[in-house]
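What follows is a single structure, written as structure tokens, with notes after it.
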Amino acid sequence: MASTLSIAYFANHDLLGVVSEEEYERFKTQLLQSLQDEWPDATVAIDDDEEVYFETKGISGQAELDVRGRIADIVTEVIDSGDWQE
């Protein structure tokens, strides 16, 4: 049985600086959508935590490194787009 990619991203307000709760929620929604667009068959979750980090399951080796690098790129792209800001 093939394993399924699972991505859990943990965010907090500090990642974005001083933002409203609405902006923070829009950021998380846009990030979730971007990750799902990149990996439509993966299980993706966005949660809050005191630290910013992410976990991947279902892959290993170079594939895991590639996915982790792409996740970091997507987070930067969403932040830089500013579409989530008022």
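For the single chain, residues carry numbers from 1 onward in sequence order. Everything quoted here is computed from the prediction, not taken from an experiment.
Scanning all heavy atoms of the two residues, the minimum distance from E64 to I59 falls at CA-CD1, 3.4 Å. Residue H13 comes nearest to S20 through the heavy atom pair NE2-O, 4.3 Å, listed as atom of the first residue, atom of the second, then distance. Between Q85 and R26, the shortest heavy-atom distance links the atoms C-NH2, 3.8 Å.
F27 and W84 have perpendicular rings, their planes meeting at more than 60° on a 0 to 90° scale where under 30° would count as parallel.
Side chains of E38 and I74 form a contact here, defined as non-hydrogen atoms less than 4.5 Å apart.
Within the model, atoms CD of Q36 and CD1 of I46 stand 8.0 Å from one another, a figure rounded to the nearest 0.5 Å. To the nearest 0.5 Å, atoms CG (D66) and OG1 (T56) are separated by 11.5 Å. The OG atom of S6 sits 12.0 Å away from the CH2 atom of W39 when rounded to the nearest 0.5 Å.
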Practice item. Could you walk me through whether V52 and Y9 pass side-chain contact (heavy atoms from CB on, under 4.5 Å), step by step? Key: CA-CA 8 Å; V52 175; Y9 188 88; 3.2 Å; yes
Practice item. Given side-chain contact (heavy atoms from CB on, under 4.5 Å), test I7 with T43 step by step and report yes or no. Key: CA-CA 6 Å; I7 299 169; T43 301; over 6 Å; no
Practice item. For side-chain contact (heavy atoms from CB on, under 4.5 Å), just list the numbers for L31 and V75, CA-CA rounded to whole Å, side-chain angles, deciding distance to a tenth of an Å, and then say yes or no. Key: CA-CA 7 Å; L31 179 58; V75 171; 3.8 Å; yes
Point to revise | I79/L15 under side-chain contact (heavy atoms from CB on, under 4.5 Å): CA gap, chis, key distance, verdict | key: CA-CA 9 Å; I79 291 171; L15 176 66; 3.9 Å; yes
Practice item. Verify salt bridge (Lys or Arg N to Asp or Glu O under 4.0 Å) between R70 and E77, making sure each step is shown before the conclusion. Key: CA-CA 10 Å; R70 183 65 187 128; E77 289 167 10; 3.1 Å; yes
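Defined by atom type and a distance below 3.5 Å, a donor-acceptor pair is missing between the side-chain atoms of N12 and Y24.
At most 12 non-hydrogen atoms from other residues, nucleotides or ligands lie less than 6.0 angstrom from CD of E51. At most 12 heavy atoms of other shown residues, nucleotides or ligands fall within 6.0 angstrom of atom CD in E50.
We find that K28 and D48 are joined by a salt bridge, their nearest charged nitrogen and carboxylate oxygen being less than 4.0 Å apart.
V67 and L65 fall into different hydrophobic clusters, where Ile, Leu, Val, Met, Phe, Trp and Tyr residues are linked whenever their side-chain heavy atoms come under 4.5 Å apart, directly or through other members. Residues L5 and F10 are members of separate hydrophobic clusters, defined by side-chain heavy-atom contacts under 4.5 angstrom among Ile, Leu, Val, Met, Phe, Trp and Tyr.
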